[in-house]
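Residue numbers count from 1 along this sequence. In each ligand, atom 1 is the first atom listed, and ligand 1 is the first ligand listed.
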Amino acid sequence: MNRTNVTATMNMDLIEDNPYLLLTPGPLSTSKRVKAAMLKDWCTWDDDYNRIVQDIRGRLVQLATKETSLYSSVLMQGSGSFCVESVIGSVIPPHGKLLVMANGAYGQRMAQMARMLNIPLVLLDNGEVAPPDLGQLEQLLLKETDITHVAVVHCETTTGMLNPIKGVGVIAKKYNKTYIVDAMSSFGGIPMDIAELQIDFLISSANKCIQGVPGFGFIIAKIDEMKKCAGWARSHSLDLYDQWDKMENYNGKWRFTSPTHVVRAFYEALKELADEGGIIARHNRYKANQRVLVRGMKMLGFETLLPEPLQSPIITSFLYPESEAFQFQTLYEKLKRRGFVIYPGKITNANTFRIGNIGEVQVEDMIRLVDAIQQETFWT
Ligand SMILES: *Cc1c(COP(=O)(O)O)cnc(C)c1O
């Protein structure tokens, strides 16, 4: 290590806990309490640790449905996409066929996973700013009767759009299909009951609305559906059935090294969610954040990409202002210096940037942010 590196390392130690607030779709700002839970080392197969894993699994099912006896949960190493890939690669039988409804990057990512795994795929792409077309879904299911699975993203984080997962489920089940939902950026922040929604496999991750740190994700599955999947996986380390079977039958044991500190932090985050008043209270906080943000941004002349009825309380896309002088990178840098990190846009046919409302973020933070943007207005 040379001299400059040593200095850099020392400076890192001096940086405060939270040099900036993350207003992104994850990883996001977490509480001191959650971060503090990582200050202990845990053995990956010790009983105490495995008990925590089992408690987490039970709590996740309780958060997901009132029909707790019909569902089970399984934790999987990696970021959220690893968990999506584990589902896509493990729950579709050798002669199955997947229909993906996509209206953004995350729907497209599921389709890409299916292609790479050589799973027959039907892609129903409605573009990035339109909701999925339920009529088209029904037409496709009538026409291509060999489709076995339907997958959709709940909150399409690309734009912030909330997709109609209830309606998709009704049609999927009318034609007897297995139903997969990527609820990565919504689970824990938006009330839902996966039994009512008829979801067979729901995927989410530690570092979104549960407000843990990144390192693993989880799948909440209908037990009957999970039991069918033995031997179907196209990858050993992402074998969802095997991972579930081990956790279920060996009292919370992971097959391979688990992200122990992250799991411990997640456990704390689940308790913190309960202390906040559960998912309904958290949803209300996110909605208030989003309302205050949009009202403030509109006062500064910004427009949202989506009309309000399609907008989630998770993340909001704003259109660039008309002015030629506007540059996202400049705004980004200025806000970062003031303690806020915002997010670039991710869509192809409009210039947008995104601001997230999830994480350890309060209405007062949104007011401070709008204030900071007002003071940095350089494009008018
Ligand atoms: C965050 C997110 C994912 C997973 O992304 P990773 O970077 O792999 O954690 C998947 N789907 C949606 C909708 C997301 O918001």
ask   = For V122, which residues count as a side-chain contact (heavy atoms from CB on, under 4.5 Å) partner, sequence neighbours excluded?
value =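 V122 satisfies side-chain contact (heavy atoms from CB on, under 4.5 Å) with K97, L99, L140, E144, I147 only.
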
query = How does the hydrophobic cluster around I347 look, that is, which other residues are in it when side-chain heavy atoms under 4.5 Å mark a link?
reply = V129, M161, L305, L306, L310, L319

task = Kindly assign one of parallel, tilted or perpendicular to the pair F378 and F326, based on the angle between their ring planes and the thresholds 30° and 60°.
result = parallel

Ligand 1 polar-atom proximity to protein (N/O, under 3.5 Å):
residue: ligand 1; atom: 8 (O); partner: S79; partner atom: OG; Å: 2.5
residue: ligand 1; atom: 8 (O); partner: G80; partner atom: N; Å: 3.4
residue: ligand 1; atom: 8 (O); partner: S81; partner atom: N; Å: 2.8
residue: ligand 1; atom: 8 (O); partner: S81; partner atom: OG; Å: 2.6
residue: ligand 1; atom: 9 (O); partner: G80; partner atom: N; Å: 3.1
residue: ligand 1; atom: 11 (N); partner: D182; partner atom: OD1; Å: 3.4
residue: ligand 1; atom: 11 (N); partner: D182; partner atom: OD2; Å: 2.7
residue: ligand 1; atom: 15 (O); partner: T157; partner atom: OG1; Å: 2.5
residue: ligand 1; atom: 15 (O); partner: K208; partner atom: NZ; Å: 2.8

message = Could you tell me if R57 and Q54 have a donor-acceptor pair between their side chains, going purely by distance under 3.5 Å?
response = yes

ask   = Which pairs with one or both residues in residues 166-201 pass ring pair (Phe, Tyr, Trp, His ring centres under 6.0 Å), sequence neighbours excluded?
value =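 Those involving residues 166-201 are F187-F218.
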
Lys/Arg-Asp/Glu bridge criterion (N-O < 4.0 Å) met for R338, E376 = yes

